[in-house]
There are 2 protein chains.
Amino acid sequence: MANIHDVAQAAGVSIATVSRMLAGENIRNRTAVENAISALGYRPNASARGLRSGRHHTIAVIVPDIANPYFATLVRGIEERVIARGYRIIVASSDEQFTAETEVLGGLMDAVDAVAIVPAEASERTNLMLAELGKPVVLIDRTVSDSPDFDLVHVDNAKGARMAAEHLLSLGHRKIAIISGRQESLPGQVRHTAFIEALAAAGVEIDPGNIKIGEFTRAFGQSAASELIDGGLDFTAVFVGNNTMAQGALLSFHEAGITIPERLSFICFDDFDLAELLPAPVTVISRPAIAEGHAAADLLLARIQALDAAEQPAFRHLILPVQLTVRQSCAAPAGP
Amino acid sequence: MANIHDVAQAAGVSIATVSRMLAGENIRNRTAVENAISALGYRPNASARGLRSGRHHTIAVIVPDIANPYFATLVRGIEERVIARGYRIIVASSDEQFTAETEVLGGLMDAVDAVAIVPAEASERTNLMLAELGKPVVLIDRTVSDSPDFDLVHVDNAKGARMAAEHLLSLGHRKIAIISGRQESLPGQVRHTAFIEALAAAGVEIDPGNIKIGEFTRAFGQSAASELIDGGLDFTAVFVGNNTMAQGALLSFHEAGITIPERLSFICFDDFDLAELLPAPVTVISRPAIAEGHAAADLLLARIQALDAAEQPAFRHLILPVQLTVRQSCAAPAGP
DNA sequence: CTGCAAACTGAAAACGTTTACAGTTGTTCA
DNA sequence: TGAACAACTGTAAACGTTTTCAGTTTGCAG
């Protein structure tokens, strides 16, 4: 491994000059140094550079579970943007555990320049933990408090939920069920509330027995749907708060022989692979995971760049649009 | 940020002693140092450590595309194992490009201890490039030559393909189509060959017009299926080489109104989310992505550990079992 | 007690950069 | 021609560790 001394020697200059050239400054005999660099195949040592300068050209990406296709796509979006700027990403899964986040970030702070995180909790301790890192942070998909001192990228959950509600209403549904995710999380809470409010605005109320709230997991979706079925299925449409719960719910409804959309209209948040191939292709509110990743990365890179400027830019909250993708899982309710 | 000097001072010892304690050696007054460490919240600086010792406690993970659920799950498996041993992962997508792999790894070699890679090509240049890194490498899912000088983890593709063939044969199929992925890749080539050989062993030959070979992508699966449909659909069953192609093919067949399994039996490699929810839940050969990740990580960690031992362990090729998951997409061929 | 091995310790060098400081060279203008 | 200034350059000190080397302490047998 050639180091900066070798290059300097080969080019007949001092290491300082090489370093400066690498930093983009003008030097007298640039070509000699360039030649030496390519002849020796020199690459600056990241550890030495990081140690001395505190810049690591690395970004920590913390998601609840990298195996979840939505988060994986998000990571891909982040990766695409940061790679282009010479940064790399360290990925870690938190399993929705605050403690895991703390643990991981604690061990990472001396090696990264910034953090992109889908936080597990919207809690004060999360807020505090992130603030104490003292590095640029971008929250994705969820927030940690009403107006956090971080950049924030998410989608228009309220609008999406309203679109879902209006779609069902316009088809004539009046008895509607809802399966929602954790109310402690931004998407869980906003989607739930906005959906219910949109219904209320049309004079429709949900029977408390038809409201299920739990984890954003397939398992919960499945059990929630089972409970609804056991409860007598006293509704004609159901709104599910995300794709994993939706898959679980579909499983339960399918097993119970409940036909979609004849017996039950089905709509959910988040598109998923094959949603279009199901017996009744699922109508969804979809969101742009890749674009979210891009936006998050751009925000972070801008903030890193601004780090040695006099004053920091204000925190930005980016809200990306969602889309109603109408397929065939929603129909007019069956007559009495 | 407290550093080792602060700890040493607080504990009344030299920095060497602190360093040694951290390395697991015995020291006289361990508790004093431990107290100082926790009182100051000291964490060794990764850059300094990496610079001095050359150990980075970091592993590079290169996959074709992190957004692909299979690779995402694989990464999760690696992460789980590696985190438990105090390592972190840097993830990068190659987009199946050798040049991207080279680029990424070149920039990473001064920051990682080992590389886990799903290589884009089974080429000599890939082999060479990886060998030149001079670090432990584990190949996952694909190889780069007949007997590469690396550890290797993959699944029993040949057995899986045979199981698929035998399943179809046992149902009575004799006219069978195949959609295969890149023959330059291990799984592409092995699955293809083993399937055809298994059929041949039963005296069944595939009409060349019913063989489609292309990229491991949804787009190719879709177009391949379209071509087969346009070709008159002169077969009663089809075997598809992986899940993404399978999804594309299902889309085409679905659009063309071809019923599964009545008109066409369908079987593919790789399970996928919701395979069980389709109109005809898909029968698949599934492989354990998480377990592959675990195995790869274990191999790598063992090799890192052995790095300063006298002699290196022999290269291991781990072949994990696959499983035939029978659902409802295969049936006896319709009578003439 | 003494001596000796074993167990531990500290000083200092090294890892490969960036950067402050103090020069040095080159250019421009009186 | 020389002064003033801009543009570039080199030396050397950091950054926070690990590790070698040369001690020092401890424990134990004689």
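The shown structure was predicted, so the numbers you read here are calculated from the model rather than taken from an experiment. Quick note on labels: first sequence line is chain A, next is B, and so on, each numbered from 1. Basis for what follows: all heavy atoms, side chains included, without hydrogens, waters or symmetry-related copies.
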Q: Starting at atom CE of B/Met109, determine the distance to atom P of C/dG16, rounded to an integer number of angstrom.
A: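 Nearest whole value for this atom pair: 16 Å.
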
Q: Looking at A/Asp113 and A/Arg303, does any basic side-chain N land under 4.0 Å from a carboxylate oxygen?
A: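 No, no charged N to carboxylate O under 4.0 Å.
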
Q: A/Tyr70: what forms a ring-ring contact (aromatic ring centres under 6.0 Å, His included) with it, not counting sequence neighbours?
A: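 Scan of A/Tyr70 (ring-ring contact (aromatic ring centres under 6.0 Å, His included), adjacent residues dropped) gives none.
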
Q: Specify the separation, in whole Å, of atom CG of A/Asp110 and atom P of D/dT17.
A: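 Between P of D/dT17 and CG of A/Asp110: 9 Å.
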
Q: Just the rounded figure in Å: distance from P of D/dT26 to CD1 of B/Ile27.
A: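 Distance check: B/Ile27 CD1 to D/dT26 P gives 15 Å.
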
Q: Can you list, by residue number, the residues of residues 48-60 of chain A that have a non-hydrogen atom closer than 4.0 angstrom to DNA chain D?
A: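 Per residue number, the list reads A/Leu51, A/Arg52.
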
Q: Whole angstroms only, please: what is the CG-C1' distance between B/Asn3 and D/dT18?
A: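 My rounded result for the distance is 14 Å.
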
Q: Phosphate oxygens OP1/OP2 of D/dG16: is one of them under 4.0 Å from a side-chain N or O of B/Asn45?
A: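 It does not, given that no N or O in the side chain of B/Asn45 lies less than 4.0 Å from OP1 or OP2 of D/dG16.
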
Q: Please list residues of residues 15-25 of chain B whose heavy atoms come under 4.0 Å from any atom in DNA chain D, ordered by number; otherwise none.
A: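 B/Ile15, B/Ala16, B/Ser19, B/Arg20 - these, ordered by number, are the residues of the stretch whose heavy atoms sit under 4.0 Å from the strand.
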
Q: Whole angstrom is fine here: how far is it from CZ in B/Arg28 over to P in C/dA6?
A: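 It is 16 Å, rounded to the nearest whole Å.
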
Q: A/Thr217: which residues meet the side-chain contact (heavy atoms from CB on, under 4.5 Å) condition with it, sequence neighbours left out?
A: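 Checked A/Thr217 against side-chain contact (heavy atoms from CB on, under 4.5 Å); matches are A/Glu215, A/Ala219, A/Phe220.
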
Q: Output the distance between atom CD1 (B/Ile4) and atom CD (B/Gln9), rounded to the nearest 0.5 Å.
A: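 If we round to the nearest 0.5 Å, B/Ile4:CD1 and B/Gln9:CD are 13.0 Å apart.
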
Q: Do you know which of A/Val138, A/Val115, A/Ile304 makes side-chain contact (heavy atoms from CB on, under 4.5 Å) with A/Ile59?
A: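 For A/Ile59, the side-chain contact (heavy atoms from CB on, under 4.5 Å) check succeeds only for A/Ile304.
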
Q: Less than 4.5 Å apart, side chain to side chain, heavy atoms only: is that true for A/Asn3 and A/Asn45?
A: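 With C-beta onward as the side chain, the pair stays apart.
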
Q: What is the distance, to the nearest angstrom, from the CD1 atom on A/Ile4 to the P atom on D/dT11?
A: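 It works out to 13 Å between those atoms.
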
Q: Partners of A/His294 by side-chain hydrogen bond (donor to acceptor under 3.5 Å, both in side chains), sequence neighbours excluded?
A: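 So A/His294 forms a side-chain hydrogen bond (donor to acceptor under 3.5 Å, both in side chains) with A/Glu80, A/Arg81.
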
Q: In whole Å, I'd like the distance from the CD atom of A/Gln9 to the C1' atom of D/dT9.
A: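 Rounded to the whole Å, the gap is 17 Å.
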
Q: Whole angstroms only, please: what is the CG-C1' distance between B/Asn29 and C/dA7?
A: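 In whole Å, C/dA7 C1' and B/Asn29 CG are 14 Å from each other.
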
Q: Go through the structure and list residues passing side-chain hydrogen bond (donor to acceptor under 3.5 Å, both in side chains) with A/Arg43, not counting sequence neighbours.
A: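 None.
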
Q: At under 4.0 Å between heavy atoms, what does A/Arg43 touch on the DNA or RNA strands: base, sugar-phosphate, or nothing?
A: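 Sugar-phosphate, backbone atoms only, no base.
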
Q: On DNA chain C, compare the nucleotides closest to B/Ser14 and A/Pro44; which residue's is nearer the 5' end?
A: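 Its nucleotide being nearer the 5' end, the pick is B/Ser14.
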
Q: Of all heavy-atom pairs between A/Phe216 and A/Thr244, which one has the smallest distance, and what is that distance?
A: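 For A/Phe216 and A/Thr244, the tightest heavy-atom pair comes out as O-OG1, 2.8 Å.
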
